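Keep in mind that the numbers below use all heavy atoms, side chains included, and drop hydrogens, waters and symmetry copies. All values derive from a computational prediction rather than experimental measurement. Naming: A, B, ... by sequence-line order, numbering from 1 per chain.
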Amino acid sequence: MKKSSPKFILNYCIFLIALGITGCGEKTSEKTPAPKPPLKAESHSPAPLAEATQEPVVVTEKTRKTYQWYCAQCHGIQGKGDGINAKFLTVPPRNHTKAKYLETRTDEQFFEAIKFGGLSVGRAPCMPAWGNTLSDSTIHELVRYIRELCQCEAL
Amino acid sequence: MKSFLYILMGGWFLCSPILSHASLIQEKECSECHRVSKDDTEKSGPDLFYSGNKFQASWLKQYLQNPITIRSAGSTGDPDFLKGIQANSQKHPAVSKKDAEQITKELMALTLYDLPEEVNLLEPLTKGLKAKIKYQFERTFSCISCHQSLNLAGKVRGGISGPSLVNAGNRLQARWAASWLKSPKTFSNKSRMPVYKMEDEERLQLTQFLMTMKNENKR
């Protein structure tokens, strides 16, 4: 093992703790609070949210297409949580049209969930991390788009 | 008489390149549904223009005679993909053993470029490592959310938006899988799979793990 770094050891510990927990494809109930995932160093800085000084985030046709291309596989064409993978996941994909729950989550939490994956905000790992696929500005747009879908804002 | 000979020879010269290139892939119109060259327009089925990098010849030969479902929600390029209609409920055309051998040869000649020779790929994983990678596959990276695969008990689990990985070890070349994980964009600029940034070591171990998935380990 070359440069057996602290990160490896950290990974390993988390792995040990979580050994008993099953993954996303297993049909067993999984409601254990998730440990913080072994993310890359960059993830420790808080998500930079659009600040007043920045351009306002607008949902465009491209945002919708991005959602259809990547997110709809699980969240469904209309965001109702019924994508083609949905019935194979232990934890169902979030229904993005239901305000009742989404109101209780902040935009920062959405941003983090999308960029770093479900585990990073104490949600299921079945929600993958998109931070290496989508730019921060695209992710901000997706957060806005989900707010459009649920017609709700964070309380 | 002489001119007749010239015509005969001329005809032979003209035709011979066509004859020797006469390809079964063309004859069978596989390119109706598959890109067999990088420059082809979008097609409804998966790309084949890097088949020689991607598949194991023995698997191809088998598949072409006896096609099985790999993408149960259809191919990502299919317009009906997200609707969950089994887009390929229509059976894949099958060919005879002899044709399958010929087509396999032709497909294996289609390569994009020489993939890097990466170390370790074929060494077996230790039990401990295998458990660690399985954990990453199912949780850290949530590969299983989109791919059917085998759990440690040999049961099929997982989502269907990506191709099934249940038989990855017999179907894919290890070097190709490793390269796909490094950058799917090399092969498909329109991939629906998340891009992952992993250490090389992690990526190669994950590849080794994929290569352990084989139909014969299914229970």
Is the count of non-hydrogen atoms from other residues, nucleotides or ligands lying under 6.0 Å from Q151(A) atom CD greater than 12? no

Where do T76(B) and W69(A) come nearest, in terms of heavy atoms and distance? O-CH2, 4.2 Å

Heavy-atom closest pair (C146(B) atom, Q73(A) atom, distance to 0.1 Å) is SG-OE1, 4.2 Å

Taking atom OG1 of T133(A) and atom NZ of K185(B), what is their separation to the nearest 0.5 Å? 6.5 Å

Side chain from CB out, backbone as N, CA, C, O: work out which of these in S149(B) comes under 4.5 Å of a heavy atom of chain A, or both, or neither. neither

Between V195(B) and N132(A), which heavy-atom pair has the shortest distance, and what is it? O-CB, 3.2 Å

Taking atom NZ of K43(B) as the centre, report whether more than 12 heavy atoms of other residues, nucleotides or ligands fall under 6.0 Å from it. yes

At their closest point, which heavy atom of S142(B) faces which heavy atom of P125(A), and how far apart are they? CB-O, 3.0 Å

Ignoring hydrogens and geometry beyond distance, is a side-chain donor-acceptor pair present between S145(B) and N85(A) at under 3.5 Å? no

State, to 0.1 Å, how close Q68(A) and L82(B) come at their nearest heavy-atom pair, and which atoms those are. O-CD1, 3.4 Å

Spatial distance of atom NZ (K83(B)) from atom CD1 (I77(A)) [nearest 0.5 Å]: 6.5 Å

